[in-house]
Every structure is written in structure tokens, then in C-alpha cells.
Amino acid sequence: MTAAGATRTAAEAARAAGTPPGPPTAAPAASAAATGLVPAGDFDAVVVGAGPAGSAAALVLARSGKRVCLLERGPYPGSKNMYGGVVYPRILDGLLLDWWEDAPVQRWVTRRATMTLTDDQALTIDFRTESWGRPPYNGATALRPEFDAWLAAKAVDAGAVLVTSTTATGLLRDRPGGAVTGVSTDRPDGDLRAGIVVACDGVNSFLAKQAGLHGPVDPANYTLGAKEVLAVPARTIEERFGLGPDQGADFEIIGCTGAIPGGGFLYTNRDSLAIGVVLHLPALATAGVRPEELIAGLKAHPAVAPLVAGGELVEYSAHLIPEGGYDMMPALAGAGILVAGDAAAMCLAAGIWLEGVNFAIASGMAAGEAAAAALAAGDVSERGLAGYRRRLQDSFVLQDHRRLRHAPHLLLSERVQQRYPQLACDIVEDLFTVTNPEPKPGMRRLVRRQVTASGVRLRDLAADTWRALRTFG
Amino acid sequence: MSAGAVGSPGAPGTPTAARTAAGTSAGAGIAAPAARSTPAATAGGPGATLPVAFEDRMATVDFRVSPQAHITVDGDACRGCTTRACVTACPANLFVPTADGGILFNYEQCFECGTCYLVCDTAGAVTWRYPEGGHGVAYRRS
Amino acid sequence: MSTAPPGSGDPDTATGSDEPQSPGPDDPGAALGPILVCRRWVDLRPSVDPLTGAVGNDPRTSGASAADDAALEWALQAAEAWGTSVVAVTVGPPGSQAVLRDALAAGAARAIQVDLGSSGDAASVAAEITAVARALTARMVLCGDMGVDRGSGAVPALVAAAMGARQALGLVDLAIDPTEPGVVTGWRRLDGGRRQHLRAQAPFVASVEGVSTRLRRASLVGVLRSGGAPIEVVVPAGPTGGRVPSWMPASTGPGRPRTHVVDGPNPHEPAWRRVILLTGAGTDRPALRVVHAEPVDAAHQLIAALADWGEWE
């Protein structure tokens, strides 16, 4: 290092920096204050959790001119988040113009299949349409660490202040039992005061529980999702699933979880597959089978194995799903607090429909709008925040949940889980088995024979059919 | 019936030692349902993906381990427990029964899902909170 | 500071390259200057393609290493003890501002990013850091001892050489005495489980291992302030003239000594003689030589001896 070099670099440094790097101020505190940023506590709203619900809420609040802090306990948004793999982002039409231009999408789902498995049979209903592969699209596979970070960045662009690596540890109130006035965090001097708190802190939502908005917690309202991401080359995926370069497939699977009510899934990412199981917690607790064993069993099924062959495990993950539906939802608002997304159990797990991110975004948007309106009106009491529930009732969020409120019980019932997959597969097997020289049996006789063999009483079958029609009709 | 049924051969990714310990210490209460009918034990046919050892499975996940544990287990409460739901339900296999009837737990490779405290039927035996901000699991490809 | 490690007696004085060992009489207190702490943005969990060996870098898993964080913590403790401030500097692309924000959140007063592009070899990085230190009149520089990406580890030594400062490198523990501004006492590993106990007075460059301490958790106020705090960006005019001193190896690759041609034993010699020739048993060796020398001179003598033996080109 020569003296001449140093001088030149230093001069260059001074020019580029605009301010000469002279001797710094002696007191660090004075220098920090000189940065002129908002002091902590000076927020209109705190949104806890930078998942889809939280980022949507923060985005709406920031757009309406509110000073909003978006708290995230992970090192980056999406780092704690995992799901099956498909997001239905049409809800973003009302939030972000041409969102599909830069959304981190893996593949656009153009093929949906529902597989019913027994030990050595598979019955698949398979549908595909090219129209889902064009704007405005329908569903997409996406990685949550990418998708959530993207949506959070949109909130930051709108003016929200994102604080990562910070866990909200509790609620602050104006007096014991009074209105919520902020959250405490696990950082030193970590109290964050604000006019309103939007709790989007996920399925375990300790904040909503602390606020007393949740009833007693019942494990029967939850399922555990566990999945493997398997690296498979993009070309191989397209060949195996019959897809174009940006097209994806979405397989929902029933009958692959042994004695545990639940289901399985298989989704295509760009150059990986997501395969996993969803397991009802009370049965998982007593079944003595480990989640990864069930995934291994699913991967080994003759109908699935060729699809995932050679896939190298690149990430294993697990997360709880609030599957209880409408009947397990907490009170959605309290004085100074709103609850959205998984924290409010806004996750639709109704058999053929498995949706969560869209409900999270929609509920987050509604929470943001309701919070902004309440702040503008100066009334964040429970009554002042009643607009949140009204907004949700007017949208698909609560309408879908209310209509399908009985679906979880029906779908997790013993007959749907254990008997009907076998029955359906046996009927179809009989139907297509050529029994020459015997003549083909009539359809009606064939069904009756199999129903009898399966041990399902016709009365139960009729009742379940009626319940299904009422639930989904 | 206990040890034989629990350590069913060939279940991929199963830490045999831990599972055998469960059977010997807790007896039939755990062992009975483990004689299962899932096809897991037959994994590894032609074209199937290779079974992955549990340690390798967990090594695919990024954990930023905090010096403070965010799980605590009340060993006395566990000694009276016969269901031991946490042992098989935890997707990260963090709970291991010990020979003296207690539960040994790890917190380092926790997915932070919450299954353990929800399946636990002894109130207060497992306390669980979120780890310190910035620590714990950090998914990249899920 | 915990208990002193075993083997700590009177501390050695850290060696400086060209400054006198005795501190100047005009030193203490006010003329201390800020503490410069060097940080490096690096992927802590890089992915390696098993086929091509290409290393993928992900900003989400990038940050400062444990060693860099430990250096920051020691710098903050020293600044609090001595009533001065901490300036964080990084030489790297714009993404590396993340590690400066972490430093600002934890309590650093200023942050400087030198945008050197991709041409950041150890000598250029050291030259830029030295330039910043000179401009700030910083006389104390703290670094992490080694990047997690297996960098050369030479930057602290090169900065010390360029600044004409003492160096205390690879410390596993530090003691900071509020009554002695500008003086650090440290311990570092030696072979055989021994520790060297040394003491350095400003100007010094110290590097610490990641195990030496843990960075404090930044306060919420600090984090909120750091988010929009200004970061001074320095763009050098071009490839800088960071020059490696003649006595340092220019390459940091593995050492590959030349092969020696060894004549085979004469088949006419008796067997015992051939064994002696092959093993070198019983031959005269150069007597053990004890040399007292200044560090630079010592390095020259070592190199000369290695060249003599054919181990150095």
C-alpha cells in the first residue's frame, strides 16, 4: 500500500460519498439520532407476521397513508412458512396491477388430478385446460420463502417498515384487560406501541390466544402437513406429467395415510417436486407412525413412484394447518386488535379445494382496510373494528367457509377415509375387468356387490351422499 | 410384542434405536398400533427414490440455532405418561424416550410447527414458544 | 472477561512492522480516534452444484460471519469503555450494506461501503480499508479472523502492514480496560494447546475468532433507526494499487515444493551403508541456529533458509 494510493482512494472516497469521511462525532447516540428516523412506538399500526396476510394488511395500510410496522420473526419473510405448494393469486388483481409479471411463480397449474389410492390400486380423475396457463391465470406453484418475500417487498415499497428477526412476545394494553395498544418484542427496549395491532402470526397465533379471541384449543381442529421437496430436472418433470415449459400439475391424493385421516399431495415446481401428507393430529398422536414414513409409503406407491423416481431430497419441512374451518375461527376483532390469515383459521381444507394463501391475502386486505378506516375514525374499539367482519362476510372468505363448514368433519370421517377409496377402486376394477367367458355384469349389480363386500351399509352411503350434496352443493 | 412390532424392518428414515427404546420402556401402549399396514416398510422398489437417513433428511433444512431452548419438557409429568404422542408425532423427531421413563428432547432442529404441545395430553408437560427472532428454522425451498 | 487461560504470564507485546514499540507520549484519551470494524458480506450457507462445482450465493442466507460479529461486539465494548465510537466498513457489492445495517442497529455510529466490484483480492481490500482508516484517523481496527468462504485471511495483516500498526491476530479472548484507552490484551492459540498472551496499544489491528464473544442483540430502536440510516458509499476510481509487501507470498494457494532428484544408492556399497545413505542416519546436520531479528528481517532469513533447502522458489 503506497501513500499515493491511499491519498487517491481517500479523495475518491470523499467525492463519492458526498461528505468527507472526517472524524466522526464522538457520541454514538447523537449520531444515531441524526439519522432522523421515526422513533419506536411512533406507528399507527403494527402488523405481526410478514406472511401473505400480514404483508397484504401492511400494504393496504401503507397505501392509505398510515405509518405501519411489519414485524417478522424469521430472518426474512417466508422463512418460517411452508405449505403444500399451490397459491391461487387472483385475489391480487385488486391489489397489484399485473402481479403475474414479477410474482415468483414456479409453474402455472394447468392440470389438476384427484387420486384415490389403495395398497395396489389408483383411481385418478384428471383434468387439464390450457386457459389456466394464460393471463389472468388460475393457480400457480410457488415457494413460500420467495412468494412471501416478494409480497412483503411490495408492502415495503408502499411505505411499510419491515423489521425482521424480531418475535412478538405479547400484547401491550392501556390497562390490564383493556384495549391492545401494541406488542412487546424479544429485543431490548422492544415495546412497540401503535394505534392498532393486526395479528397475522400464523396457525399457533399466541397473540390472538393472549387477546382471548380463541376458544379452548382442540387438536381435532388441526392437521400436520409434512412434505419433501425433491429435485428433478425441469425437462423430466415436463415429460412425466405431460406439461409445457411453464405449466404445472396439482395432484390431490386420498387413501395414502393408512389409519390416520388425512391426504396427500404432489405438486410440480420448476425443477423440483413437492410431495407430502396431511395428517389429522388426534389420530397421528395415537397411530405410532411417523410422518416421514407415510411420505415414504406414498412415494413407493406404484402409481406415484414413477412420477418421483430419482428425485433428490433438497428440503424437508412441516407445518400445522388450521383445518377446523368456520367453526374453529376465533373472534376476529377485539379492542385494538384484528386477526387474519391462519391465525384466524382462514384456511380452506375441503377435499377438492385446498386453499389458504388466497384467504390469507383477502383477510389481510380486509383487516388493513378495516384498520385504516377505524384509525381514520379514531375508534379502534371492538365496535369500531366491526367493519372487518362485515368485509369478510361480503367476500368469499367467510362465505366459502360458512358454506363448507361441515366439510372437514365429513372428509375426515372414517368411511370417507378408509372405506370409500377401497370401494371406488374395487367398483372400477370390476367394471374394467373382462370376465370372459362370463358376460359383463350390470352396473347396478356390480355396485351393490361391492358395497356389500366393503361392509358399508347402504343407509350410511346414502346419508354420506346426502351430506356431501348438502356440504358441497 | 413390543420391540419386534416397533422396530419393523426396513422402515426408511426411522431411527431404530429411538423407536426400540420407546417400545421397551413404554410397553404395549406404544407398540400395539405400530404394527401398521402402511406400505412404508416396502419402500425401495425399482424406480423409487432412495430412502434417506433421518439425519440426512434434517440436514437439508437450514436451522439457525439459538443458544436458548424454546421448548421445555416437564420430566416428572412425562414419567406418568402412557401415550407418548410427541415421540411419533413430532415431524422432526425431537422427542426421545429415556430408559427411566422420561423424555429426552432436542430443540435445535425444530420446525416450530406446534404439534408437540397440541398432541400432548398432559397439560403443561410440554411448553413451547417461538425461538428468539432470527433463529430457528429458515426454509428456502418449501 | 472470564478467567485467564492457562499459561498466561506477562503478556507479550504485539509486534508492529515499522513503528517503535514504545507508545508515543501524546497518545491517551482524546486522540484515540474511532474504532474501525471491518465486516464482510458472505453467504453463510452456500449451495454447491454437485456436478459443476459452481457455488450458488443467496442473499437470504448471506450475512456477517460469527467472527465478524464478534469483532463488532468487541469494538462496541471498547468504544463504550473508552468513550469513542465505532465505524463499520465493508468492501463489497451493494448487497453488503446489509451487514452495515446490522452494525448500525447494534450501535455503530457510521457505516461505509467501499464498492470495489468483483476485483476484491486481499491486497485491494486491505488498501481500501487502510484508506478509510486514514481518512477517519482511526488507529484501531478490528476484524473477524477468517471469512467462512475460506478467504486468504490476509486482510488484517495487510492492513496492519499498510497502517504501520501493531497486529494481534486470531484472538480467542480479549480484555478491555476502561482505564487504559487504546490498549487491548488478548489471548491466541498456539500449537500444543498453549495460549499466547499479548498486549497491543493503538495503533493496532486485531482480529478475533467467532468463539471469542457473541454479538449483542440489537435494540428495537436501533433496528428501526438502522433501516433508513445513511450509508456512505465509496466508489474507487478503478482497480486499486493495493500492493502485497515483498515478504508476503503473492499467492495463497497450497504450497507445492519442487520435487528433488535423489540419486539411487550405489549397488556396490554394502547394505548397511545403503541404509544409512537412504535414511540419512548418522550424517552431520547443520547446527541449530538461534537468530535474534526484527520481524521483517526474520521473515527474510526464513525465506532465505527455505530457498537454501530448495523449499522456496
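Just so it is clear: chains get the letters A, B, ... in the order the sequence lines come, proteins before strands, and each one is counted from 1. Note that the structure is predicted; figures quoted are calculated from it, not measured.
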- Message: Considering only residues two or more places apart or on different chains, which pairs with a residue in residues 217-226 of chain A satisfy side chain to side chain donor-acceptor pair (under 3.5 Å)?
- Response: A/Thr223-A/Glu323
Greatest number of heavy atom pairs closer than 4.5 Å to chain B - which of [options]:
{"options": "A/Gly78, A/Ala149, A/Ala318", "value": "A/Ala318"}
{"options": "A/Pro219, A/Pro291, A/Ser317", "value": "A/Ser317"}
{"options": "A/Leu279, A/Thr167, A/Ile295, A/Leu307", "value": "A/Thr167"}
{"options": "A/Thr169, A/Asp186, A/Asn204, A/Leu143", "value": "A/Asn204"}

- Message: Please give me the minimum heavy-atom distance between B/Ala77 and B/Thr122, naming the atom from each residue.
- Response: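 Where B/Ala77 meets B/Thr122 most closely, the heavy atoms are CB-CG2, 4.0 Å.
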- Distance-minimising heavy-atom pair for A/Tyr83 and A/Lys227: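 In this case the closest contact between A/Tyr83 and A/Lys227 is O-NZ, 3.0 Å.
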- Message: Please classify the contact between A/Val217 and chain B as side chain, backbone, both or neither, with a heavy-atom cut-off of under 4.5 Å.
- Response: side chain
- Query: Using non-hydrogen atoms only, which part of A/Leu224 is less than 4.5 Å away from chain B: side chain, backbone, both, or neither?
  - Reply: side chain
- Item | Partners passing ring pair (Phe, Tyr, Trp, His ring centres under 6.0 Å) against A/Tyr76 (at least two apart in sequence or in another chain) |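 Counting only residues at least two positions away or on another chain, A/Tyr76 forms no ring pair (Phe, Tyr, Trp, His ring centres under 6.0 Å).
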- Message: If you count heavy-atom pairs within less than 4.5 Å of chain A, which of B/Pro91, B/Ser142, B/Ala85, B/Ala138 leads?
- Response: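 Highest number of heavy-atom pairs under 4.5 Å: B/Ser142.
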- Item | Choice from B/Phe111, B/Trp128, B/Tyr117 maximising heavy atom contacts with chain A below 4.5 Å |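 Ranked by contacts with chain A, first place is B/Phe111.
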- A/Tyr267 ring center near A/Phe265 ring center (under 6.0 Å): yes
- Query: Tell me, side chain or backbone of B/Ala92 under 4.5 Å from chain A's heavy atoms, or both, or neither?
  - Reply: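 Looking at B/Ala92, just its backbone touches chain A.
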- Strictly by modelled atom types, are A/Thr185 and A/Thr166 linked by a side-chain donor-acceptor pair under 3.5 Å? no
- Message: For A/Val304 and A/Ile275: C-alpha separation, side-chain torsions, deciding distance, then whether side chain to side chain contact (heavy atoms under 4.5 Å, CB included) applies.
- Response: CA-CA 10 Å; A/Val304 177; A/Ile275 186 166; 3.7 Å; yes
